[in-house]
Number of protein chains: 2
Amino acid sequence: MARTYRYARPSIAVDIVVLTIRHEVLQVLLIRRGIEPFKGKWALPGGFVRVEGGRSGLGESLDAAARRELREETNLDVDEVWLEQLHAFGAPARDPRGRVISVAYLAVVSPERFGQVAAATDADDTRWVPADDPPALAFDHPEILAFALGHLRRRLDQDPRMAFHLVPRELTIGDLRRVYEIIERTTYDKANFRRRFLRLVDEGKIERVAGQQATGGRPAAVYRLVE
Amino acid sequence: MARTYRYARPSIAVDIVVLTIRHEVLQVLLIRRGIEPFKGKWALPGGFVRVEGGRSGLGESLDAAARRELREETNLDVDEVWLEQLHAFGAPARDPRGRVISVAYLAVVSPERFGQVAAATDADDTRWVPADDPPALAFDHPEILAFALGHLRRRLDQDPRMAFHLVPRELTIGDLRRVYEIIERTTYDKANFRRRFLRLVDEGKIERVAGQQATGGRPAAVYRLVE
DNA sequence: CCAAAAGTGTTCTCACTACACCCATGT
DNA sequence: ACATGGGTGTAGTGAGAACACTTTTGG
């Protein structure tokens with residue numbers, strides 16, 4: 001035990017890039033800082049990892065810290081969120097308070113599930129803003145946000161599960177296509193996108209559910225992600 | 001400054017999964033621990049991040065710590081190494097000395113460039129071992145190694161730069177094919193692999209250099225990665 | 001009827017596969 | 001001569017792009 005103490009120690013934090021799609025725009029959740037440093041500026045939700053207390057006396061895991069901060073700061077139903085570690089940011093001067101290393105997380109939530117946060121949208125201290133055009137951010141949070149967006153865009157094709165957390169649990173093919181188009185900032189041919197989607201049905205990853213959904217045109221078939 | 005100190009702090013370490021191909025096998029570099037805990041056991045090279053001293057008084061970045069540890073523990077020419085952050089491991093009890101969070105790195109070196117390490121291969125305390133069949137490892141290093149191998153195999157196709165760090169600077173198509181076959185644990189049709197490779201030449205990522213290389217059969221054309 | 005969005009069909013291209021074959025070198 | 005690996009040619013398959021078309025709803 002003693003050996004560890006020969007080394008100076010940093011503080012360790014988690015910062016969470018919470019993304020959703022609102023009003024056809026990819027948005028990120030920000031919190032206005034109430035204390036120094038960067039008081040009054042916008043920042044990603046996050047906080048320090050607890051490294052003592054709890055069952056083991058050694059605190060919580062990084063994932064647990066991310067989930068806890070998310071719950072405390074955003075009122076999200078954390079169990080419904082896609083949460084994934086991104087990268088550790090450790091530039092020596094990234095925090096004016098001293099040496100703080102931050103482990104960044106990506107959280108992806110669907111519009112239907114952020115009810116509690118939506119309520120806070122009007123609040124002065126919590127706000128959804130366009131992810132590609134955020135206000136000035138505290139610390140190195142611009143870098144973290146850019147990393148998260150790059151990650152999301154790279155991963156979207158490879159792992160469709162992430163995209164499914166941005167749509168309602170029961171979705172139409174058009175719903176999913178709009179998510180892809182907004183994130184990738186392109187358009188997809190609806191016939192070709194449909195065929196790609198239907199392959200996932202063949203593979204058993206998605207199943208059709210009964211009923212239809214009104215759309216403004218012909219009603220659409222409804223699908224659901226298979227657990 | 002004071003605010004930071006309200007929170008207990010963990011120690012923060014870097015651990016590096018150094019991979020190369022020797023004798024047609026993917027191998028990882030291990031170090032035998034000379035001190036407790038896990039004294040006498042094999043472990044990944046690594047150590048604590050310096051968070052004081054240096055120019056800023058705040059210590060070194062995570063990347064710098066990884067490079068420094070790599071240099072100190074392996075004698076590698078660190079400038080020639082592909083180094084990439086993988087993941088932060090922060091389970092509360094992963095280190096018996098107390099709360100230690102480790103940021104894992106992947107380092108990829110080519111056989112032609114590990115001269116100094118090769119010398120140490122016979123040493124009692126530094127050894128290359130098959131990456132898919134390592135001895136018992138200290139801490140959560142089995143998990144870190146598995147993560148690194150998964151990462152390497154997933155990334156290999158998407159970013160050919162990584163593979164190029166496993167071959168000599170001047171290489172034949174066959175050299176690269178053998179690297180892919182060893183890592184992916186399959187075989188590739190040589191004609192088809194060749195065409196895939198030649199597309200990289202068309203794209204300007206690789207260029208042909210003068211001369212040929214003896215191979216045991218017909219001599220092979222020599223290529224080089226364009227900086 | 002018309003707009004809007006779902007859903008179908010057809011064609012082209014391109015990459016990856018498999019496999020047969022030719023070429024240049026060492027022994 | 002023959003084994004060995006580099007290098008070439010070709011036909012098949014499957015995914016994606018492009019685009020014209022039909023279907024079903026709401027207004």
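Every heavy atom of this structure was used, including side-chain atoms; hydrogens, water molecules and symmetry mates were not. Every chain is numbered from 1 and lettered A, B, ... according to where its sequence line falls, protein lines coming before strand lines.
- Side-chain proximity of R218(A) to dG9(C), dG6(D), dA5(C): nearest is dA5(C).
- Within the 4.5 Å cutoff, the side chain of Q27(A) has no heavy atoms near those of the V129(A) side chain.
- Closest to the A191(A) side chain, of the nucleotides dG9(C), dT24(D), dA18(C), is dG9(C).
- dG5(D) atom P lies 14 Å from atom CD of Q213(B), rounded to whole Å.
- Of the two residues contacting DNA chain C, namely T215(A) and G217(B), the nearest-nucleotide position lying further toward the 5' end is that of T215(A).
- Look at R195(A) and you won't find any side-chain N or O under 4.0 angstrom from OP1 or OP2 of dG16(D).
- Between D175(A) atom CG and dA6(C) atom C1' the separation is 12 Å, expressed in whole Å.
- D189(A) has its CG atom 14 Å from the P atom of dT8(C), to the nearest Å.
- As rounded to whole Å, 18 Å separates atom C1' of dA15(D) from atom CZ of F197(A).
- Taking a 6.0 Å sphere around CZ of R161(B), one finds it holds 12 or fewer heavy atoms contributed by other residues, nucleotides or ligands.
- Between R208(A) atom CZ and dA6(C) atom P there is a gap of 13 Å when expressed in whole angstrom units.
- Nearest-nucleotide mapping onto DNA chain D: of T172(B) and N192(A), the residue sitting toward the 5' end is T172(B).
- Checking H151(B) against E84(B) by side-chain atom types alone, a donor-acceptor pair falls below 3.5 Å.
- For the pair R177(B) and dG6(D), the criterion of a side-chain N or O lying under 4.0 Å from OP1 or OP2 is met.
- Rounded to an integer number of Å, the gap from F193(A) CZ to dT8(C) P is 16 Å.
- The residue A214(B) sits apart from the nucleic acid: no heavy atom pair falls under 4.0 Å.
- Of all nucleotides listed (dA6(C), dG9(C), dG7(D)), dG7(D) comes nearest to the side chain of R194(B).
- Distance CZ (R178(A)) to P (dA5(C)): 8 Å, rounded to an integer number of Å.
- Using a 4.0 Å heavy-atom criterion, one finds that G216(B) contacts the bases of the nucleic acid, with or without backbone contacts as well.
- A straight line from CD1 of I173(A) to C1' of dT8(C) spans 12 Å, rounded to a whole angstrom.
- Ring planes of F197(B) and Y223(B): perpendicular class, angle over 60° (limits at 30 and 60°).
- Ring geometry, Y180(B) versus F193(B): the interplanar angle exceeds 60°, so the pair is classed perpendicular (tilted spans 30 to 60°).
- In terms of phosphate contacts, R196(B) brings no side-chain nitrogen or oxygen within less than 4.0 Å of OP1 or OP2 of dC16(C).
- With dG6(D), dA18(C), dA18(D) as the choices, the nucleotide that has an atom nearest any side-chain atom of K190(B) turns out to be dG6(D).
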